[in-house]
Amino acid sequence: MKKILITGAAGFLGSHLCDRFIKEGYHVIAMDNLITGDLKNIEHLFQLEHFEYYHHDVTKFVHVPGDLDYILHFASPASPIDYLKIPIQTLKVGAMGTHNLLGLAKEKNARILIASTSEVYGDPLVHPQTEEYYGNVNTIGPRGVYDEAKRFQESITMAYHRFHGIETRIVRIFNTYGPRMRLNDGRVIPAFMGQALRGEDLTIFGDGSQTRSFCYVDDQVEGIYRLLMSDYTLPVNIGNPHEITIKDFAEEIIKLTGTDQKVIYKPLPKDDPMQRKPDIAKAKEILGWEPKVGREEGMRATFAYFKTLSKAELEKTEHRDFSKRNKK
Ligand code: UDP
């Protein structure tokens, strides 16, 4: 039986990856420090013989007993509200956490896949973004702690590959959504859905002309799975190229949730990318992958999940308003 270590296992993507690798017949070792993750995302796996959970912060030395075949490094805060709240941890997990896991991969002779992000492209000047684009990142802006940690993560991963010959994979994840997103992570989908469920107006940041392209979690997991199993070592974009403006997206959410909310406008956060859309030619060619789940179907499934949350959970949500902190 193959053994896989998944860091950030109690998070949104990490927990879906745990499900997938359990389904594929792996022994899954889940690791998380629960700064942004939540055990309720993986508690359904606790009774399984081939699932173990370690509460651990991967910026500290990582020890796993016995053999290990694969490592998926998905531990990191991943939303703008989190980088503002825990900027140092964000830098550390991308830099020191990745270093520890690469060391573990070397020690165990394991193949390691690193979760990178479309944020390495910053506020892109090339559209759609291909893997060859170097990016337009503000090192000292509010997103810099995430963007630069992820860029360093890619560099050290390639260095371990080239210098130590370890098997590495790098996925550049574009906006991904689905059940188990954290309601209060400040991202646009949980924000709009939470607002709809609480009967509040939907907050659009800026004039809503900025674009995003949203990928359903099952498609993302399939892309990651195929990349891990491939022999391709350079970064690969995984995301859905179907682009929409945030303003049009708000209208879609209002229609989907059947509410009669209005949209209200708030200041655009600093360094908020104006447009984002993956070029997925490489994933198509190398992995034979493309997304299958359309936005309507994916959003319906995601809204069904948010509807299962209790009233108390819905009320816990805090609002993300960057206007004050960004003035500093
Ligand atoms: N956004 C918005 N209202 C919200 C939350 C986000 O208009 O309540 C905007 C945000 O400014 C950005 C887009 O939606 O332009 C996507 O934001 P998200 O935080 O989901 O992801 P990212 O900016 O990292 O792509």
Side-chain angles (χ1 to χ4, degrees), residues 11-13 36 76-85 87 90 115-124 127-129 135-138 141-150 172-178 181-198 200-217 220 237-254 257 259 261-278 295 298-299 302 306 314 317-323 325-326:
F12 163 53
L13 279 178
T36 55
S76 176
S79 82
I81 201 170
D82 291 336
Y83 330 141
L84 280 184
K85 265 201 234 151
T90 305
S116 187
T117 165
S118 54
E119 285 283 328
V120 299
Y121 302 124
D123 190 2
H127 196 73
Q129 292 80 54
N136 176 38
V137 173
N138 177 2
R143 290 174 183 250
V145 294
Y146 184 60
D147 300 6
E148 294 301 341
K150 290 294 185 180
R172 289 191 182 146
I173 298 170
F174 282 67
N175 295 66
T176 298
Y177 70 97
M181 284 190 101
R182 217 173 76 222
L183 188 68
N184 65 355
D185 82 354
R187 288 185 163 278
V188 68
I189 293 171
F192 283 177
M193 289 192 176
Q195 286 161 345
L197 285 168
R198 288 188 303 269
E200 297 166 4
D201 292 334
L202 271 51
T203 52
I204 291 182
F205 297 160
D207 63 4
S209 64
Q210 71 271 39
T211 70
R212 291 295 184 274
S213 312
F214 299 112
C215 181
Y216 190 62
V217 63
Q220 183 63 245
N237 290 339
I238 299 287
N240 190 320
H242 200 162
E243 186 183 10
I244 186 171
T245 66
I246 294 300
K247 191 170 192 297
D248 289 347
F249 181 58
E251 295 303 330
E252 278 190 9
I253 294 289
I254 288 173
T257 56
T259 47
Q261 269 80 311
K262 296 190 304 299
V263 297
I264 52 171
Y265 291 87
K266 296 253 176 145
L268 189 68
K270 185 163 165 41
D271 296 335
D272 197 292
M274 263 320 286
Q275 47 181 10
R276 186 183 285 152
K277 166 184 168 158
R295 207 166 44 237
M299 291 298 163
T302 307
F306 283 121
L314 278 179
T317 300
E318 48 188 299
H319 286 277
R320 170 179 153 198
D321 183 351
F322 288 120
S323 49
R325 294 173 96 150
N326 280 341

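Counting starts at 1 for both ligands and their atoms, following the listed order.
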Beyond-backbone contact of Q210 with P273, side-chain heavy atoms, under 4.5 angstrom
no

Check if F249 has a non-hydrogen atom at a distance under 4.0 Å from any atom of ligand 1.
no

With heavy-atom distances below 4.5 Å as the criterion, would you say the side chains of D201 and Y265 are in contact?
no

Under 3.5 Å: N/O of I204 near N/O of ligand 1
no

Heavy-atom proximity to atom 16 (C) of ligand 1 ranks first, among R187, K247, R212, for R212

Could you walk me through whether R187 and D185 pass side-chain contact (heavy atoms from CB on, under 4.5 Å), step by step?
CA-CA 6 Å; R187 288 185 163 278; D185 82 354; 3.1 Å; yes

Mark up the atoms of ligand 1 that fall under 4.0 Å of a heavy atom belonging to I246, in ascending order.
7 (O), 13 (C), 14 (O)

Taking side chain as C-beta onward, heavy atoms only, is R143 less than 4.5 Å from D272?
yes

Residues in side chain to side chain donor-acceptor pair (under 3.5 Å) with T302, at least two apart?
none

Sidechain-backbone polar pair: Q220 side chain, I173 backbone, donor-acceptor under 3.5 Å:
no

Mode of R143 contact toward ligand 1 - side chain, backbone, both, neither (heavy atoms, under 4.0 Å)
side chain

With backbone taken as N, CA, C and O and side chain as the heavy atoms from C-beta onward, which portion of D272 lies under 4.0 Å from ligand 1: side chain, backbone, both, or neither?
side chain

Under 4.0 Å from a heavy atom of F192: which atoms of ligand 1 are those, numbered in the order shown and with their elements?
3 (N)

A student checking ligand 1 against E119 at a 4.0 Å heavy-atom cut-off should list atoms 24 (O)

So, is Y83 polar-close to ligand 1, with some N/O to N/O distance under 3.5 Å?
no

Ligand 1 and V188, any nitrogen or oxygen pair closer than 3.5 angstrom?
yes

Would you please determine whether S79 falls within less than 4.0 Å of ligand 1 on a heavy-atom basis?
no

First locate atom OG1 of T117, then atom CG of N175, and finally report the distance between them rounded to the nearest 0.5 Å.
8.0 Å

Below 4.0 Å from any atom of ligand 1, is there a heavy atom belonging to K266?
no

How does L202 reach ligand 1, by side chain, by backbone, by both or by neither, if only non-hydrogen atoms under 4.0 Å count?
neither

I254 and V263, any side-chain heavy atoms less than 4.5 Å apart
yes

Going by distance only, is there an N or O of T203 that falls short of 3.5 Å from an N or O of ligand 1?
yes

N175 neighbourhood, listing ligand 1 atoms whose heavy-atom distance to it stays under 4.0 Å
21 (O), 22 (P), 25 (O)

For the residue pair F214 and Y177, categorise the inter-ring angle as parallel (less than 30°), tilted (30 to 60°) or perpendicular (more than 60°).
perpendicular

Quick check on contacts: which atoms of ligand 1 are under 4.0 angstrom from a heavy atom of A191?
8 (O)

Please could you name the atoms of ligand 1 that G186 approaches to less than 4.0 Å, counting only its heavy atoms?
5 (C)

Any pair counted as salt bridge (charged side-chain N to carboxylate O under 4.0 Å, His left out), so long as it reaches residues 238-253, sequence neighbours left out:
E252-R295

Can you confirm whether F249 sits close enough to M299 that some side-chain heavy atom of one is under 4.5 Å from a side-chain heavy atom of the other?
yes

